[in-house]
Amino acid sequence: MKKRHLGNSGLTVSALGLGCMGMSQSYGKGNDLESIKVIHRALELGVNFFDTAEVYGPYKNEELLGRALKGKREQAVIATKFGFKIEDGVMTGVNSHPKNIRAVAEASLKRLGIDVIDLFYQHRVDPNVPIEEVAGTLGELVAEGKIRYIGLSEAGAETIRRAHKEHPISALQSEYSLWERGLEENIIPTLKELGIGLVPFCPIGRGFLSGQIKSPDDFGDDDFRKRDPRFQGDNFTKNMQLVKLVQEIAKKYGATPSQVALAWILRQDESFVPIPGTKRLTYLEENSAAVELELAQADVEELNGIFAKTSGPRYEPKNMAMIER
C-alpha cells in the first residue's frame with residue numbers, strides 16, 4: 001500500500017490505517033479471534049497503522065492489539081491514547097495530569113507488549129491542565145524513549161498552536177468525513193500552517209455512508225449508534241438521501257460507497273490518513289482498495305455539497321461538550 005507522511009514530523013504510515021475500537025466496544029459484541037485475523041490481513045495488505053486507546057474496553061483493545069502483533073512489531077506503527085479518568089472500568093471524566101499521563105504510558109506499553117509507543121495522543125483536552133504542561137510531559141516521554149511522536153485528538157486550533165509551541169505535534173485525530181466537515185474552517189488551515197498531519201476517524205460516517213444500514217432497528221442495544229442523533233427519526237430518513245448520492249457516484253466507478261467516502265478524504269490532502277474501523281475481513285479488503293480509487297474533480301465537487309444537507313449533530317450533548325471547536 002502507498003505510504004503517507006503525517007505532516008512534517010517524519011512519521012510515515014500506510015495511506016490508510018485501521019481503527020481497532022469497534023473490535024472491543026461500541027459496535028456490538030466482538031470476536032477476538034476474528035479481529036486478530038483482520039489485523040493480520042491488514043498487515044498483508046500493507047496497512048501498518050493501528051489505532052487503539054486505553055479507554056477502549058477499557059484496556060481490552062490494547063491487549064487484543066498486543067496479542068495480534070506479537071512477533072510482528074516491526075511491521076506496525078501503533079497509536080494509542082491517554083486522557084480519560086477510568087474508575088471501576090467506567091470512563092467518568094478527563095485526566096491529563098502529568099502523573100496520569102506517565103502511568104497510562106507505562107500501562108499501555110505493558111498491555112501492548114512493546115517497548116515504545118509510536119504515536120501517543122491526548123484523547124480529549126483536559127480543561128484543568130494547561131496544554132503546555134501536557135505537551136511538556138509528552139516531550140519528556142519522547143526524550144526517555146517511551147514514545148516516538150505525540151498527537152492530540154479533537155483539540156481546537158488555539159490548543160493545537162499552544163501545544164505545538166511547547167513540543168512538535170505530529171498528528172491531530174478528529175472526526176472528518178463527507179458528512180462531518182467541522183474542521184475545514186479553522187483547524188485544517190492551522191494543521192497545514194504548522195505541518196501537522198490529520199488522522200480522520202469515522203471516515204465512513206460510523207458506517208452510515210456505506211449504504212449497508214437500512215434502518216435504525218438494525219442496531220442492537222449494545223451498539224451506540226442506536227443513540228446517535230444522525231441515526232434517529234427524521235435525521236435517519238434525511239441522511240439516507242445523502243447515501244443515495246454516494247451510491248450513484250460509486251456505480252460510475254464500479255466501486256462501493258465506502259470506497260468513494262474514503263477516496264474523497266484521501267483526495268483532500270496528502271497528509272490525511274483516515275482510519276476506518278472494522279472487525280470484518282470483507283470490509284477491511286474493501287476499504288483498502290479505496291487507496292487506488294481516483295475520483296474525477298466533478299464528482300468531488302458534487303460530494304462536497306453533502307455536508308450542507310446532513311441532518312442532526314454528530315454526538316449527543318454530553319460528548320459534544322468534550323470537543324473543542
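Being a predicted model, the structure only gives us computed values, none of them experimental. Residues: numbered from 1 along the sequence shown.
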Exercise. May I ask you to check whether Glu286 and Thr256 show a side-chain donor-acceptor distance below 3.5 Å?
Key: yes

Quiz item: Can we call the ring centroids of Tyr149 and His167 under 6.0 Å apart?
Solution: no

Quiz item: Where do Arg102 and His97 land on the side-chain contact (heavy atoms from CB on, under 4.5 Å) test, with the steps shown first?
Solution: CA-CA 9 Å; Arg102 287 184 166 276; His97 290 282; over 6 Å; no

Quiz item: Could you go step by step and tell me if Phe201 and Tyr176 meet the ring-ring contact (aromatic ring centres under 6.0 Å, His included) rule?
Solution: CA-CA 6 Å; Phe201 69 83; Tyr176 184 65; over 10 Å; no

Quiz prompt | Ser174 side chain to Glu154 backbone, donor-acceptor under 3.5 Å | solution = yes

Exercise. For Trp179 and Arg314, run side-chain contact (heavy atoms from CB on, under 4.5 Å): C-alpha distance rounded to whole Å, both residues' side-chain angles, the deciding distance at 0.1 Å, then the answer.
Key: CA-CA 9 Å; Trp179 76 346; Arg314 54 181 283 212; over 6 Å; no

Exercise. May I ask you to check whether Asn61 and Thr52 show a side-chain donor-acceptor distance below 3.5 Å?
Key: yes

Quiz item: Is there a donor-acceptor pair closer than 3.5 Å between any side-chain N or O of Asn100 and the backbone N or O of Asn95?
Solution: yes

Quiz item: Would Ile147 end up clustered with Leu65 when hydrophobic side chains under 4.5 Å apart are linked, directly or stepwise?
Solution: yes

Practice problem: List the steps and the verdict of side-chain contact (heavy atoms from CB on, under 4.5 Å) for His164 and Glu193. | Solution: CA-CA 11 Å; His164 191 68; Glu193 176 191 338; over 6 Å; no

Practice problem: Ignoring hydrogens and angles, state whether a donor on the side chain of Ser153 or His123 is under 3.5 Å from an acceptor on the partner side chain. | Solution: no

Practice problem: Would you confirm whether the ring centroid of Phe219 sits within less than 6.0 angstrom of the ring centroid of Tyr27? | Solution: no

Practice problem: For Asn235 and Gln232, test the side chains for any donor-to-acceptor distance below 3.5 angstrom and give the result as yes or no. | Solution: no

Exercise. May I ask you to decide if Ala68's main-chain N or O and His40's side chain share a donor-acceptor pair within less than 3.5 Å?
Key: yes

Quiz prompt | Check: Gln259/Tyr253 side-chain N/O donor and acceptor closer than 3.5 Å | solution = no

Practice problem: Could you tell me if the ring centre of Phe272 sits under 6.0 Å from that of Trp264? | Solution: no

Quiz prompt | Identified side-chain hydrogen bond (donor to acceptor under 3.5 Å, both in side chains) partner of Tyr56 from the options Gln25, Lys81, Glu62, Glu63 | solution = Lys81

Exercise. Using a strict 4.0 Å threshold on nitrogen-to-oxygen distance, state whether Arg67 and Asp32 make a salt bridge.
Key: yes

Exercise. Indicate yes or no: does Lys279 engage Glu34 in a salt bridge with an N to O separation below 4.0 Å.
Key: no

Quiz item: When you look at Glu285 and Arg41, which way does the side-chain contact (heavy atoms from CB on, under 4.5 Å) test go after all the steps?
Solution: CA-CA 8 Å; Glu285 292 171 348; Arg41 180 60 177 147; 2.9 Å; yes

Quiz item: Would a 4.5 Å heavy-atom cut-off, applied to side chains only, mark Ile249 and Glu302 as touching?
Solution: yes

